[in-house]
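Chain A is the first sequence line, chain B the second, and so forth, proteins listed ahead of strands; every chain is numbered from 1. What you see below is based on every heavy atom in this structure, not just the backbone, and it leaves out hydrogens, waters and symmetry mates.
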2 protein chains.
Amino acid sequence: MTYLDAIAALADPTRRVIIDRLRSGPLPVGAIAKGMDISRPAVSQHLRVLSDAGLLTVTPEGNRRLYAIAPEGVDALRRYLDTLWDDALAAFARAATEKAKENKDD
Amino acid sequence: MTYLDAIAALADPTRRVIIDRLRSGPLPVGAIAKGMDISRPAVSQHLRVLSDAGLLTVTPEGNRRLYAIAPEGVDALRRYLDTLWDDALAAFARAATEKAKENKDD
DNA sequence: ACTTACCGTAAGTCATGACTTACCTAGATG
DNA sequence: CATCTAGGTAAGTCATGACTTACGGTAAGT
């Protein structure tokens with residue numbers, strides 16, 4: 001049930017910016033914060049939330065810490081949305097056929 | 001870019017409960033609020049957020065208003081996560097090969 | 001027509017969380 | 001060993017948003 005935290009984590013625009021910066025590959029905290037209009041500690045806190053949600057992995061590299069997108073975390077979210085998608089389509093189709101039946105009864 | 005609001009909308013646990021109640025088909029507001037531990041107006045406000053985000057459709061039916069999951073809204077989110085997934089996998093593979101090259105140099 | 005469901009909106013309260021600055025620890029470097 | 005860089009943590013501030021009650025408006029039933 002880790003996808004619950006993943007959705008909440010992705011809800012913040014700043015955190016989506018961070019995720020976007022990591023799309024091309026792992027980065028240390030400083031590089032992520034560079035050019036963003038919030039302080040480095042704020043970025044650190046966001047990174048904490050994202051990794052707690054299973055969306056990022058951390059690998060200490062000497063002095064620094066490299067953050068990278070965790071494919072499994074993203075996949076958990078995708079699976080949740082897939083079931084939602086399936087149910088939505090099924091409900092949609094069912095409502096459509098019931099509507100057609102109604103009209104026939106007129 | 002409607003998926004941005006969709007993520008924020010799904011971030012709230014109460015709204016996910018509402019979505020889950022609609023998985024089996026459209027429901028009026030009263031039926032959704034029934035059994036939930038918040039007031040009906042609160043449910044109304046959540047429904048507003050969800051439909052603004054493109055996740056729900058509303059169809060007035062005489063006295064009531066039927067809310068249903070909008071497949072297109074869910075799909076927008078799925079597409080966003082798909083691109084994220086692709087980038088994450090690519091970055092992961094790239095990091096792995098670079099790591100292997102590093103080890104070879106030792 | 002009067003009343004009774006059904007539902008959205010307004011205004012106000014209160015908690016959550018996204019920032020800030022200040023501080024501290026752990027590796028790299030001279 | 002001294003210092004500098006990289007980065008996590010603590011405490012406090014402030015805005016956002018999730019509730020509440022109160023109210024208004026429209027369709028159905030009598």
Is P28(B) touching bases, backbone alone, or none of the nucleic acid, heavy atoms closer than 4.0 Å?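 P28(B): backbone/sugar contact only, no base atoms under 4.0 Å.
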With heavy atoms under 4.0 Å as the rule, sort R40(B) into base, sugar-phosphate or nothing.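 Answer is base: heavy atoms of R40(B) come under 4.0 Å of a base.
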Hey, are D12(A) and R16(A) close enough for a salt bridge, meaning a charged N less than 4.0 Å from a carboxylate O?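 Salt bridge absent between D12(A) and R16(A).
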More 5' along DNA chain D: L47(A) or A8(B), using each one's nearest nucleotide?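 So the residue in question is L47(A).
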For R23(B), I'd like to know if atom CZ has over 12 heavy atoms of other residues, nucleotides or ligands within 6.0 Å.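 Above 12, so yes.
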Counting side-chain heavy atoms from C-beta on, which of [options] comes nearest to [X]?
X      : options                   : answer
I38(B) : dT20(C), dC19(D), dT21(D) : dC19(D)
N63(A) : dA26(C), dT9(C), dT20(C)  : dA26(C)
R64(B) : dT20(D), dC6(C), dT9(D)   : dC6(C)
Q45(B) : dT20(D), dT9(D), dC19(C)  : dT20(D)
H46(A) : dG8(D), dA28(D), dA18(C)  : dA18(C)
R65(A) : dC19(C), dG8(D), dC6(C)   : dG8(D)

Does S39(A) make a side-chain N or O approach to OP1 or OP2 of dC19(C) shorter than 4.0 Å?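 For dC19(C), OP1/OP2 do not have a side-chain N/O of S39(A) under 4.0 Å.
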Rounded distance (nearest 0.5 Å) linking atom CD1 of I32(B) with atom OG of S44(B):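 I32(B) CD1 to S44(B) OG: 9.0 Å, rounded to 0.5 Å.
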Find the distance between OH (Y67(B)) and CG (L27(B)) and round it off to the nearest 0.5 Å.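 It comes to 12.0 Å.
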Partner lookup for dC23(C), please. Criteria are Watson-Crick or G-U wobble with both distances under 3.5 angstrom; report none if nothing qualifies.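 Paired with dC23(C), as far as the under-3.5 Å criterion goes, is dG8(D).
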